[in-house]
Protein chains: 4
Amino acid sequence: MLEGPPLRADAQRNRARILDAAEAVFAEAGTRASTEEVARRAGVAIGTVFRHFPTKDDLLAAIMKRLLAQLVEEAGRLDLFAFFTHVVAQAAAKKAVVDLLAGSGVDIRLPDAVGRLEEAVGRLLEAAQAAGDVAAPVRLPEVMALFLSVCQGALHAGWDNQLQARTLAVIFAGLRCD
Amino acid sequence: MLEGPPLRADAQRNRARILDAAEAVFAEAGTRASTEEVARRAGVAIGTVFRHFPTKDDLLAAIMKRLLAQLVEEAGRLDLFAFFTHVVAQAAAKKAVVDLLAGSGVDIRLPDAVGRLEEAVGRLLEAAQAAGDVAAPVRLPEVMALFLSVCQGALHAGWDNQLQARTLAVIFAGLRCD
Amino acid sequence: MLEGPPLRADAQRNRARILDAAEAVFAEAGTRASTEEVARRAGVAIGTVFRHFPTKDDLLAAIMKRLLAQLVEEAGRLDLFAFFTHVVAQAAAKKAVVDLLAGSGVDIRLPDAVGRLEEAVGRLLEAAQAAGDVAAPVRLPEVMALFLSVCQGALHAGWDNQLQARTLAVIFAGLRCD
Amino acid sequence: MLEGPPLRADAQRNRARILDAAEAVFAEAGTRASTEEVARRAGVAIGTVFRHFPTKDDLLAAIMKRLLAQLVEEAGRLDLFAFFTHVVAQAAAKKAVVDLLAGSGVDIRLPDAVGRLEEAVGRLLEAAQAAGDVAAPVRLPEVMALFLSVCQGALHAGWDNQLQARTLAVIFAGLRCD
DNA sequence: TATGAATGAGTTTTCATTCAT
DNA sequence: CATGAATGAAAACTCATTCAT
């Protein structure tokens with residue numbers, strides 16, 4: 001957890017640019033895309049990428065961490081159903097992250113961040129069950145599993161709005177009447 | 001659709017060996033695993049792999065095609081719920097294929113084979129609806145979407161039998177009461 | 001010079017087919033073209049090519065030998081100028097051979113055949129000088145050199161009939177007034 | 001025509017080294033020589049060659065371009081006869097290049113550079129005709145054709161100084177009395 | 001003898017990572 | 001700190017040649 005000295009303003013800007021570029025590049029081309037391509041997209045030299053993220057896996061982990069934090073933040077503002085819907089809707093933009101969450105060969109461990117997301121979803125689940133919107137026997141693990149599954153699914157095969165809605169409808173019904 | 005002359009017996013044997021090896025290797029190490037490793041596992045020289053599959057992508061496509069055919073065959077013997085359950089249970093063993101089905105950077109198109117799977121699942125759906133096991137408004141696209149999603153989800157290390165069962169239970173309930 | 005037993009009729013037919021195919025293939029794609037491609041063009045399996053020509057170089061040497069014999073034969077029927085003109089006109093069809101004559105990396109020695117061609121051209125030269133069509137000081141080596149040079153030149157850059165004629169005209173003038 | 005930013009000094013040095021090495025290697029062993037050998041000779045890692053020339057063909061094209069520029073420069077300093085003589089004399093050292101100019105399987109297009117050479121030779125021709133050293137009806141295309149032909153011819157091992165001189169003498173006479 | 005599958009050394013090419021500028 | 005050239009191990013792919021069918 002050592003964070004080192006705070007970065008200079010330009011360094012911080014570069015770090016953010018690289019993360020944005022990496023998210024975009026890996027979303028488009030998968031994690032096979034080269035680090036050079038990320039640098040190019042970020043408008044930065046390759047050395048700069050490696051200064052900020054000593055290995056490619058570090059870069060991937062950083063993307064993940066950032067998205068997970070975003071998800072936690074969104075979970076704090078929405079109910080369970082809205083959260084699912086929202087995340088699925090934008091899953092395609094986060095391809096790499098969802099892939100990583102699902103473990104695509106690259107081996108990255110972020111127990112903290114994942115744990116925090118699980119807690120956030122847990123709170124949503126409790127609330128939904130308290131409101132009677134989700135059946136009592138439903139537990140967090142399967143909700144997380146469904147969440148990840150549907151994110152994965154949504155990445156691919158061009159789920160349009162319709163298909164997203166219909167697919168989520170089945171899951172929501174399942175949560176309600178289980 | 002031209003298939004060329006039938007392969008010699010030994011060639012056919014090698015082709016199958018290579019596909020088996022590739023399925024295993026890519027399941028264990030992802031599609032990043034090298035073609036050499038596949039050759040080694042198949043007990044064959046690298047040139048033999050490339051004679052059968054001129055490109056790594058060709059090899060991946062061939063694995064896919066074979067798995068899809070297997071799924072179609074299994075769909076013919078099971079009902080919708082059993083099919084889901086069965087496939088999810090062994091998804092981890094087919095990691096690479098499920099990844100490919102979902103499009104993991106490698107660019108492979110097998111509309112035919114995918115189409116046939118969709119038809120097979122369509123028949124299962126009709127039967128299940130006729131039997132009253134699935135609600136009338138449910139349509140094929142969302143069933144396929146759920147199917148793929150859950151396969152992806154099931155790849156994760158964490159899904160033990162319990163979690164598989166509980167997750168599918170939610171989906172099955174959703175299909176029933178939608 | 002051991003020639004072995006005479007070939008069976010079908011074997012002889014195959015040998016010829018392979019040579020024709022090789023000449024065509026190497027003319028189109030250079031000597032880098034693969035032996036497989038030659039086999040394919042000859043409508044023969046790769047093993048058959050290697051039975052007739054134990055190495056690729058043997059195949060190339062055989063093409064050469066055949067073309068040189070052809071040239072000798074043509075030299076016997078034409079005068080020096082007609083011979084030059086004729087050979088240049090069809091040089092493109094013999095790309096590989098001319099390349100080989102010029103020594104393109106592949107190392108092949110056919111002193112006999114080349115010697116016989118040189119003799120044939122020598123006879124043409126004597127005749128032409130006797131007729132006063134070629135200046136007395138001109139010697140065989142430079143005639144051969146010009147011959148090969150122009151063949152090489154004609155292979156490339158799409159010499160049309162016009163250009164062939166004009167280029168040869170300069171050389172013929174040079175031979176006359178040297 | 002965009003050339004990108006100017007190369008760093010060390011990169012430029014390496015680029016030149018690689019070109020020199022490639023010219024030497026390909027002159028000795030033909031274009032079949034491996035890129036590794038070029039790297040070794042240049043005292044550079046293989047990756048460096050590919051950073052500068054992403055493809056072997058790119059490397060070959062670059063050699064060509066450089067030689068053509070050299071020829072243009074030499075054409076600017078010499079008269080037509082001296083130019084021919086000079087180039088023929090050193091043709092053997094440029095084996096690969098002359099082969100490429102003539103198109104030896106490798107597929108490279110450099111219309112610009114070739115065009116500039118043609119212009120330069122055109123100027124020499126005009127001057128020679130103005131001086132009465134070349135007959136009026138002679139045109140540029142056949143001069144270029146002769147030039148390339150003789151370069152090709154000169155590649156052969158056998159052309160010693162004598163033979164070069166005698167062969168060029170015939171051509172020069174032809175240009176004079178055509 | 002013909003066939004065509006298998007071999008495996010050799011080549012090209014890619015890319016994460018290091019390091020001189 | 002940023003840059004971008006260099007590195008070199010590893011991967012993809014080719015093809016002359018051998019050998020089982």
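Letters go in sequence order (proteins before strands), and every chain restarts at 1. Predicted model only: the values in this text are computed from it and were never measured.
- For B:Arg51 and E:dA5, the shortest distance from a side-chain N or O to OP1 or OP2 is below 4.0 Å.
- Ranked by how close their nearest DNA chain F nucleotide is to the 5' end, A:Asn14 and D:Thr48 are led by A:Asn14.
- Listed by chain and residue number, nothing satisfies the side-chain hydrogen bond (donor to acceptor under 3.5 Å, both in side chains) test with B:Arg13 (two or more places apart in sequence, or in another chain).
- Scored by the side chain to side chain contact (heavy atoms under 4.5 Å, CB included) test, B:Glu37 finds B:Val25, B:Ser34, B:Arg40, B:Arg41 as partners (sequence neighbours excluded).
- Applying the side chain to side chain contact (heavy atoms under 4.5 Å, CB included) criterion to A:Ala45, with sequence neighbours excluded, gives A:Thr48.
- The CZ-P distance, from A:Arg15 to F:dA2, rounds to 12 Å in whole Å.
- Taking the side chain of B:Ala45 as heavy atoms from C-beta on, and the options E:dA2, E:dT7, F:dA5, the nearest nucleotide is E:dT7.
- At the phosphate of F:dC1, neither OP1 nor OP2 sits under 4.0 Å from any side-chain N or O atom of A:His52.
- Partners of A:Arg17 under the salt bridge (charged side-chain N to carboxylate O under 4.0 Å, His left out) rule, at least two apart in sequence or in another chain, do not exist in this structure.
- Listed by chain and number, the residues in a salt bridge (charged side-chain N to carboxylate O under 4.0 Å, His left out) with C:Arg51 amount to none (sequence neighbours excluded).
- Among residues two or more places apart in sequence or in another chain, the salt bridge (charged side-chain N to carboxylate O under 4.0 Å, His left out) test is passed with B:Arg15 by none.
- The side-chain hydrogen bond (donor to acceptor under 3.5 Å, both in side chains) search around D:Thr55 returns none, not counting sequence neighbours.
- Considering only side-chain atoms of D:Asp10, the nucleotide from F:dA2, E:dA6, E:dT21 that sits closest is E:dT21.
- Spacing between atom CZ of B:Arg40 and atom C1' of F:dA11 amounts to 12 Å, rounded to whole angstrom units.
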5'-to-3' dot-bracket of DNA chain F (Watson-Crick, G-U; under 3.5 angstrom; crossing pairs as [ ]; | other strand) = .||||||||||||||||||||
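- B:Phe26 and B:Thr31 make their closest contact through CD2-CA, 3.9 Å (heavy atoms, listed as atom of the first residue, atom of the second, distance).
- For the pair B:Leu60 CG and F:dC13 C1', the interatomic distance rounds to 15 Å; values are reported in whole Å.
- Between C:Asp58 atom CG and F:dT17 atom C1' the separation is 12 Å, expressed in whole Å.
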Polar-atom pairs under 3.5 Å, protein N or O versus N or O of nucleotides 12-14 of chain E: list them with distances, or write none.
unit_1, atom_1, unit_2, atom_2, d
E:dT12, OP1, D:Thr35, OG1, 3.4
E:dT12, OP1, D:Lys56, NZ, 2.8
E:dT12, OP2, D:Thr35, N, 2.7
E:dT12, OP2, D:Thr35, OG1, 3.2
E:dT13, OP2, D:Lys56, N, 3.0

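- Residue D:Val49 comes nearest to D:Ile18 through the heavy atom pair CA-CD1, 3.9 Å, listed as atom of the first residue, atom of the second, then distance.
- Atom-to-atom, CD1 of B:Ile18 to C1' of F:dA12 comes out at 15 Å; the value is rounded to the nearest Å.
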